[in-house]
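Worksheet for the structure shown next.
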Amino acid sequence: MKILVVDDEHDVKTLFLQRFRKEIKTGNMNFVFAFSGEEAITYLNGNKQEAVLIFSDINMPGMSGLELLEHIKQKFHAPPPVVMMITAYGDDENFNTAKRLGADDFLTKPLDFNLLKDKLKTLI
């Protein structure tokens, strides 16, 4: 499973690579990282339908995660990637907007990686 992680904080890459070391080593998961919404769109345009799951932070400079979500849901249809939004702010406004725009799930920081792994097992 190819997973695209979009977050402007570069240490998120190290965190995901550490927490999913076993899954990466066995080839069950392959992570790609983008550090902005714009970078994510560039990746998705060049690798159509390669990412089956996208984790995106909501609050990023430039294009927000919500704007990225809207773009993904409008442009990528067959098959549509699963998009999980991640935020440090578990407020109702972001949650409701993300759901309205088509987010498949909503996670809050700090991430509970055990819960996240359980969710991923249901997608594999």
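Hydrogens, waters and symmetry mates are skipped; everything else that's a heavy atom, side chains included, is used.
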Which atom names give the shortest non-hydrogen contact between [X] and [Y], and what distance separates them?
X: Ala40; Y: Leu4; answer: CB-CD2, 4.2 Å
X: Asp57; Y: Met85; answer: O-CE, 4.2 Å
X: Gly37; Y: Leu68; answer: O-CD1, 3.8 Å
X: Val6; Y: Ser36; answer: CG1-O, 3.5 Å
X: Ser56; Y: Gly65; answer: OG-CA, 3.6 Å

Quiz item: For Ile86 and Leu111, what are the C-alpha separation, side-chain angles and deciding distance, and is it a side chain to side chain contact (heavy atoms under 4.5 Å, CB included)?
Solution: CA-CA 8 Å; Ile86 303 171; Leu111 287 176; 4.0 Å; yes
Exercise. Answer with yes or no whether the side chains of Lys75 and Asn45 bring together a donor and an acceptor at under 3.5 Å.
Key: yes
Exercise. Kindly determine whether Ile3 and Val32 satisfy side chain to side chain contact (heavy atoms under 4.5 Å, CB included), including the steps that lead there.
Key: CA-CA 6 Å; Ile3 301 168; Val32 176; over 6 Å; no
For the backbone of [Y] and the side chain of [X], can you confirm whether one donor and one acceptor N or O come within less than 3.5 Å of each other?
X: Asp8; Y: Met60; result: no
X: Glu67; Y: Ser64; result: yes
X: Thr97; Y: Asn94; result: no
X: Thr14; Y: His10; result: no

Let me confirm one number: the [atom1]-[atom2] distance from [X] to [Y], rounded to the nearest 0.5 Å.
X: Lys121; Y: Leu116; atom1: NZ; atom2: CG; result: 11.0 Å
X: His71; Y: Leu66; atom1: NE2; atom2: CG; result: 14.5 Å
X: Lys2; Y: Ile54; atom1: NZ; atom2: CD1; result: 12.0 Å

Self-check item: Inter- and intrachain pairs under salt bridge (Lys or Arg N to Asp or Glu O under 4.0 Å), touching residues 15-26, at least two apart
Solution: Glu23-Lys117
Self-check item: Lys99 vs Asp92, salt bridge (Lys or Arg N to Asp or Glu O under 4.0 Å): CA-CA, chis, key distance, verdict
Solution: CA-CA 10 Å; Lys99 283 297 188 185; Asp92 287 342; over 6 Å; no
Side chains of [X] and [Y], heavy atoms from C-beta outward: is any pair under 4.5 Å?
X: Leu107; Y: Lys119; value: yes
X: Ile58; Y: Phe106; value: yes
X: Asn30; Y: Met1; value: no
X: Lys73; Y: Leu101; value: no
X: Lys13; Y: Val5; value: no

Practice problem: Output all residues satisfying side-chain contact (heavy atoms from CB on, under 4.5 Å) with Glu9, sequence neighbours left out; order by chain, then residue number. | Solution: Asp7, Asp11, Val12, Lys109
Practice problem: Check the pair Ile41 / Met63 against side chain to side chain contact (heavy atoms under 4.5 Å, CB included), numbers first and verdict last. | Solution: CA-CA 10 Å; Ile41 288 173; Met63 177 185 285; 3.3 Å; yes
Quiz item: Got a sec, which residues hit ring-ring contact (aromatic ring centres under 6.0 Å, His included) with Phe16, two or more places apart in sequence or on another chain?
Solution: Phe20, Phe31, Phe55, Phe113
